[in-house]
S.K.: 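I am attaching a structure below and will ask some questions about it afterwards.
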Amino acid sequence: MLNFFKNIFCPWKIFFLLLLVIFSVYGVGFKNDFALDDWIMLDSAYPREISDSFDLLRIAVPHNTILVYRPWTYFSFIVDRNLYGVNAVGFHVTNFFLAVFVSYALYCVLSLYFSKELSLCGSLLFAVFPGHSEAVIGIFNRSQMLSLLFSLIAFLLFVKYMQLPTTEEKCPFSKYRNIFLFISIMFSTILSCFSKETGCITPGLFILAMCTLPSRNIKRAILGFVGCLCSCLIYLALRQYVTGTLSMPNLDPAVRADTISELFFYSFRIFAEYIRLSIFPYPLSCDYNLTLSSPHWTGIFVFVLLGSLVAIFSKKKTVQMLGFGFLWFYGMLFPALNWIPIQISFAERLLYSAFPGMICIFLACMQHVPRKIFLSIFFILFSIYIVLTYQHVLVWENNETLWEHTLQVMTDSYRSYIYQGNKTLQNQKYQQSMEYYEKALTLQPNHHNIVSILYNQAYLFVLQEDIEKAHQKLQQVFDIEPTYRLARRLQGRLYKKEKQYDKAIQAFQQALPPVNKYDRNYAIFPMSIGECYISQGLWNKAEQAYLFALKYDNNNVDILFGLAYIYKHTYNTLAYRNCIQAIKKINPHDGRLQHYK
């Protein structure tokens, strides 16, 4: 055991130590269930087979009213699903190893600027920082880890590429080595972008590298930067082609500013909250209802930002690293500060890619502190971080424990009340459910959640058979979001119940989502239209609607029974028998078969 610590800075020992530390904190989370946004990964319309993975480059995954374009992240979900099935343990294990690889890659980056001892301490603090628990234990949030991992790899490859000695150019293999490094830089950058949109900040990290590290070949450094930039442009072009926009489609910005000055101050107010969370990570929550009041004092960060730009050119290493760390921290958070409209502007997981900058600031401040004092500070922080992170991993056991904790620490969390409303609705406690929804509405939820609450209230009235109030709530939904498909579908069901079949068909047609062969629920809409045609006795139109539905879900026995019903009443004996045979192959014990001879 003593021999292990004699040369602790051996690469494999560093990796093993990080693995051991991260397991001691996150290992208890292997038994956690899927929680929070993990349902997006489970239920969304995207390929489930590895052989179909290239389709991820051509489709955006729908998430309610938003389209998400993260091919590499969803590819990792496909691999996990094929390895483990719908088993949360396997997905958590993958996230665990990603956390280890990210921490080790960060150690390698820190080693370019600090001693191995400082770098190890920095990577250990990063590995157990409580604010990262949402990114590590939340399966859907692995996009944060994947994006940072490939950005760090691209950074390391770029530094290697620009620091290769020019004297080796005569080596016959140097040309192939340079080409390999250049391609690897581009490939790592585009994988970072394909994991999460923040990967587009990677060229900015390359600029920081060129300003803070010596380059033996400035032309090669510029070429590497251009390669990285080209990768980002390729990603943006694909994103524009697939989603129709460079931002998040159908997005409701988290912060609404009427003027540029308001946007300016609000963005720095959000930035101040991220600094606060980095320094004092307590209490932790999966939802922060951030109140942005009197933000003008945050204008001071403009001067800090300008000072950091000057500092990276300083000849003093400590000053340079302070500037480097602040610019990394701000740059990685830039997309989350509402300069680019996003739906959530403050969340723990968004801190994951930015926190290496804060680690650099901490190490820059500590490198001239006496070793004993530094180690004392490190062990105090390390111990506190481990305890807080371990406790927060337990909170993520399942949705119930997560939202109960959130409501305890953030009493103004409207998302907690929405969850409680949904839970009581499932338990048929309708009055209590309505009270939770009304409470959520008083907490000024964002556009998307207002629509979600109103829809849930309409559905609640349908269950209570109060059709008039259900129509009123749906109209409120359409006043805010006319294309909300779930509400249009519910409206169609109401019209169908009222035997207003033409209005029902129109509502179902409006609810029909864009064609996506991986959308398992797509067939429901044409099938519902077919049911309306059956009620009207329009057998030909009903058959067309059901056949269209069958095209997208050929194993759906409900569709086949609908077609059998149509063929029975139109005396198409051969088609009727074919439908019954198909049903028997799929589910020979279906009780409805006894009514079809």
Side-chain angles (χ1 to χ4, degrees), residues 33-95 98 135 138-147 149-150 190-199 234-251 342-344 349 448 452 483-486 489 511-526 549-556:
D33 199 359
F34 296 108
L36 198 62
D37 292 333
D38 293 348
W39 68 268
I40 304 171
M41 175 267 300
L42 293 173
D43 298 334
S44 293
Y46 68 96
R48 295 296 192 271
E49 301 297 330
I50 294 177
S51 57
D52 296 326
S53 298
F54 279 104
D55 286 344
L56 290 170
L57 295 173
R58 301 182 296 173
I59 62 171
V61 180
H63 169 204
N64 289 331
T65 59
I66 302 170
L67 294 176
V68 179
Y69 187 65
R70 296 171 184 170
W72 190 248
T73 297
Y74 278 92
F75 175 73
S76 73
F77 294 150
I78 295 173
V79 173
D80 277 2
R81 199 175 185 115
N82 279 268
L83 288 174
Y84 314 117
V86 189
N87 187 337
V89 175
F91 289 83
H92 284 305
V93 169
T94 299
N95 274 26
L98 282 174
I139 294 166
F140 183 72
N141 297 327
R142 86 166 46 151
S143 58
Q144 307 286 340
M145 292 190 290
L146 283 170
S147 182
L149 174 62
F150 286 106
I190 203 163
L191 287 183
S192 178
C193 295
F194 279 159
S195 299
K196 190 170 172 45
E197 299 78 13
T198 47
I234 291 170
Y235 161 76
L236 291 173
L238 284 170
R239 182 183 182 84
Q240 175 69 36
Y241 174 75
V242 173
T243 67
T245 177
L246 294 180
S247 62
M248 296 293 282
N250 306 319
L251 193 66
I342 59 172
Q343 191 163 20
I344 297 176
R349 63 183 179 272
H448 166 73
S452 178
T483 60
Y484 194 65
R485 302 185 191 282
L486 286 176
R489 181 187 171 193
L512 198 66
V515 175
N516 183 336
K517 67 179 182 179
Y518 300 108
D519 187 349
R520 293 173 296 171
N521 297 318
Y522 185 85
I524 292 174
F525 299 97
L550 192 65
K551 179 181 176 182
Y552 292 98
D553 193 355
N554 56 11
N555 289 318
N556 190 320

S.K.: What pair of heavy atoms forms the shortest contact from A88 to I139, and how long is it?
M.R.: O-CD1, 4.2 Å
S.K.: Can you measure from SG (C193) to CG (L236) and round to the nearest 0.5 angstrom?
M.R.: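 Here the interatomic distance stands at 7.0 Å.
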S.K.: Keeping Y69 on the side-chain end and L57 on the backbone end, is there a donor-acceptor pair under 3.5 Å?
M.R.: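 Confirmed, Y69 side chain pairs with L57 backbone.
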S.K.: State which residues pass ring-ring contact (aromatic ring centres under 6.0 Å, His included) with F34; sequence neighbours excluded, sorted by chain then number.
M.R.: F91
S.K.: Shortest non-hydrogen contact from S143 to S195?
M.R.: CB-O, 3.3 Å
S.K.: Would you indicate whether the side-chain heavy atoms of L56 and Y46 approach each other to under 4.5 Å?
M.R.: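 Counting from C-beta outward, Y46 and L56 do come under 4.5 Å.
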S.K.: To the nearest 0.5 Å, what is the distance between CG (N141) and CE (M41)?
M.R.: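 N141 CG to M41 CE: 10.5 Å, rounded to 0.5 Å.
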S.K.: When rounded to the nearest 0.5 angstrom, what is the spacing between CG in D52 and CZ in F54?
M.R.: 11.5 Å
S.K.: How many angstroms lie between CG in L42 and CG in D37, if you round to the nearest 0.5 Å?
M.R.: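 Between atom CG of L42 and atom CG of D37 there are 11.0 Å.
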S.K.: Mind listing the side-chain donor-acceptor pairs of residues 74-82 below 3.5 Å, one per line with the distance, residues two or more places apart or on another chain?
M.R.:
from: S76; atom 1: OG; to: T73; atom 2: O; distance (Å): 2.5
from: S76; atom 1: OG; to: R142; atom 2: NH1; distance (Å): 3.1
from: D80; atom 1: OD1; to: T94; atom 2: OG1; distance (Å): 2.9
from: D80; atom 1: OD2; to: T94; atom 2: OG1; distance (Å): 3.2
from: D80; atom 1: OD2; to: R142; atom 2: NH1; distance (Å): 3.0
from: D80; atom 1: OD2; to: R142; atom 2: NH2; distance (Å): 2.7
from: N82; atom 1: ND2; to: R48; atom 2: O; distance (Å): 3.0
from: N82; atom 1: ND2; to: I78; atom 2: O; distance (Å): 2.8

S.K.: Between A135 and Q144, what is the shortest heavy-atom contact and its length?
M.R.: CB-CB, 4.2 Å
S.K.: Are any side-chain N or O atoms of S44 and backbone N or O atoms of I40, one a donor and one an acceptor, separated by less than 3.5 Å?
M.R.: yes
S.K.: Test side chain to side chain contact (heavy atoms under 4.5 Å, CB included) on E197 and Y235 and set out the steps.
M.R.: CA-CA 9 Å; E197 299 78 13; Y235 161 76; 3.5 Å; yes
S.K.: Return the minimal non-hydrogen interatomic distance between A45 and V61, and the atom names on each side.
M.R.: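 It is O-CG1, 4.2 Å.
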S.K.: Give the minimum heavy-atom separation between P47 and D55, together with the two atoms involved.
M.R.: CG-CB, 4.1 Å
S.K.: Which heavy atom of D38 sits nearest a heavy atom of F140, and at what distance?
M.R.: OD1-N, 2.9 Å
S.K.: Restricting to salt bridge (Lys or Arg N to Asp or Glu O under 4.0 Å), what partner residues turn up for D33, sequence neighbours left out?
M.R.: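 Salt bridge (Lys or Arg N to Asp or Glu O under 4.0 Å) list for D33, sorted by chain: empty.
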